[in-house]
Amino acid sequence: MRKKFFLRFITLVISFLFLLDFFILASEKITSDSAKKESEKEVEILKEKIASKVAELRQENKQVISGKIVAIKQGEIEIVNNNNEKKIVSIDDLLTKYYSINLNQKREINFSDLKKDDYIVVSGIINDKGINADMIFVDEKYIVDFGKIMEINKEEYWLKVVTSTNETISLDIETFTKQWLLNIKSLELEKTGFSKIKEGDTIHFVVRDKKNENNRFSAQKIVIIPQEYFLKQ
Amino acid sequence: MKKETFLAAFFGVFFGLVFSFLLLANISQNQLEQKTKQLLPQKKEVSIIPVKTTSLKTLTINTPKNFLAAEREEIIIEGEAEKDALIVIQSPIKDLVFQNKKEKFKVNFPLALGENIIKVVAYPKNRNLKTQEKTLYIYYLPKEI
């Protein structure tokens, strides 16, 4: 009887140990699986971080220069930027793409469409001479400036303006010119006409960097700050 | 005349002369001091009146950096200028005029495709202070091109 009980006890212990072993093995498997998942997740995060850093570096290296074309040669374009410095735009026959911008719309063009005096915006990687071009945009060059109105010609609708750099500019007020006047009480811009402009008023203007047949600039838009605004201060 | 009488008369005259000499000397000393006082500049108490200095807060653009290649068709212009200055921000596609109520300003500004020349001008309320200006060259070149 005692021996039988002992045998049952031993069998129970062995079964228990056997089950315990399975349990340990299963638990180890779960732990190793979750650790594997964890490390995979970490690798994924690291990959994402590297990718975003590379993109960031690329973006940092991607720079833009602009200027007027002074010479077009095989494989390169010479431009003069806004500071009157010469820059070389190096072209890659396979990589460089060309676009024309007009009325906020782009159109793909070819290298052969570029010509002297075109104003171009170039994006790419800066080098010691200029830039290795990825994209070239033929754009419109504008002048955005301000000054004081010194003379008004009411017959021919032009204004003589002395800018903050003491440069005298003649502006033609065309039918398409957008004219705004500052309301000195509300400080809102209101539509105005040529007759409301007075000598001594301050003018902010936008013109295309190309003189018209009258040897004056055609104003795209003007903002007038009446002299009374400054007198009421 | 008796010897005592002569001595008394002598001392009387002598002390009289000495007294009158001292008296005259004292009077002339007083007169000289008064004249000197009149000639010397009168000492006055110095009062320090604080002078109000007018220093101009320089127009600065904190963001965006000049020559930025933007990938969105709108940027945020953040800067600092004189309080109550009239700020004019102009580009070929947008005109913005406002009074700088605090020293710092922050505005959304749209971009056109390609080059955007943005002129920022600050007219200080105090007209004795100089008008300030900054020009930004921002390029809107979207990724998908």
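Order of the sequence lines fixes the chain letters, A, B, ..., with proteins taken first and strands second; residue numbering starts at 1 for each chain. Computed over heavy atoms, backbone and side chain alike; hydrogens, waters and symmetry mates excluded.
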Inset, instruction - Check the pair Phe137(A) / Glu115(B) against side-chain contact (heavy atoms from CB on, under 4.5 Å), numbers first and verdict last. - result: CA-CA 9 Å; Phe137(A) 300 85; Glu115(B) 185 176 71; over 6 Å; no

Side-chain donor-acceptor pairs under 3.5 Å in residues 128-136 of chain A, sequence neighbours left out?
residue	atom	partner	partner atom	Å
Asn132(A)	OD1	Asn127(A)	ND2	3.0

Inset, instruction - Please state whether the side chain, the backbone, both or neither of Gln105(A) comes within less than 4.5 Å of a heavy atom of chain B. - result: backbone

Legend entry - Nearest heavy atoms of Val144(A) and Ile117(B), plus distance in Å: CG2-O, 3.7 Å

Inset, instruction - Please say whether more than 12 non-hydrogen atoms of neighbouring residues, nucleotides or ligands are located less than 6.0 Å from NZ in Lys94(B). - result: no

Inset, instruction - Answer yes or no: is there a side-chain heavy-atom contact under 4.5 Å between His204(A) and Asp95(B)? - result: no

Inset, instruction - With a 4.5 angstrom heavy-atom cut-off, could you sort out which part of Ile93(B) is near chain A: side chain, backbone, both or neither? - result: backbone

Legend entry - Part of Lys178(A) within contact of chain B (heavy atom distance under 4.5 Å): neither

Inset, instruction - Classify the angle between the aromatic ring planes of Phe146(A) and Tyr123(B) as parallel (below 30°), tilted (30 to 60°) or perpendicular (above 60°). - result: perpendicular

Inset, instruction - Please confirm whether the backbone N or O of Leu113(B) pairs with a side-chain atom of Asn104(A), one donor and one acceptor, at under 3.5 Å? - result: yes

Legend entry - Between CZ on residue Phe230(A) and OG1 on residue Thr131(B), distance to nearest 0.5 Å: 6.5 Å

Inset, instruction - Please say whether more than 12 non-hydrogen atoms of neighbouring residues, nucleotides or ligands are located less than 6.0 Å from CG in Leu103(A). - result: no

Inset, instruction - Take atom NZ of Lys198(A) as the centre, draw a 6.0 Å sphere, and report whether it contains more than 12 heavy atoms from other residues, nucleotides or ligands. - result: yes

Legend entry - Euclidean distance, Tyr139(B) OH relative to Ser123(A) OG, rounded to 0.5 Å: 11.5 Å

Legend entry - Heavy-atom proximity to chain B below 4.5 Å, by part of Phe205(A): backbone

Inset, instruction - Determine, stepwise, if the pair Val64(A) / Phe67(B) fulfils side-chain contact (heavy atoms from CB on, under 4.5 Å). - result: CA-CA 7 Å; Val64(A) 181; Phe67(B) 306 107; over 6 Å; no

Legend entry - Closest-packed option against chain A by number of heavy-atom pairs under 4.5 Å, given Gln90(B), Glu73(B), Lys119(B): Gln90(B)

Inset, instruction - Answer with side chain, backbone, both or neither: which region of Asn82(A) has an atom nearer than 4.5 Å to a non-hydrogen atom of chain B? - result: side chain

Legend entry - Nearest non-hydrogen partners of Gly114(B) and Ile101(A), listed with the distance: CA-CD1, 3.6 Å

Inset, instruction - Pick whichever of Val97(B), Leu86(B), Thr135(B), Val88(B) has the most heavy-atom pairs under 4.5 Å with chain A. - result: Leu86(B)

Legend entry - chain A contact via Glu133(B) - which portion, at a heavy-atom distance below 4.5 Å: side chain

Legend entry - Distance in Å, Gln132(B) CD paired with Ser164(A) OG, rounded so as to fall on 0.5 Å steps: 12.0 Å

Legend entry - Between Ser91(B) and Tyr142(A), a side-chain donor and acceptor under 3.5 Å: no

Inset, instruction - Please round to the nearest 0.5 Å and tell me the distance separating atom CG of Leu189(A) and atom CG of Leu96(B). - result: 8.5 Å

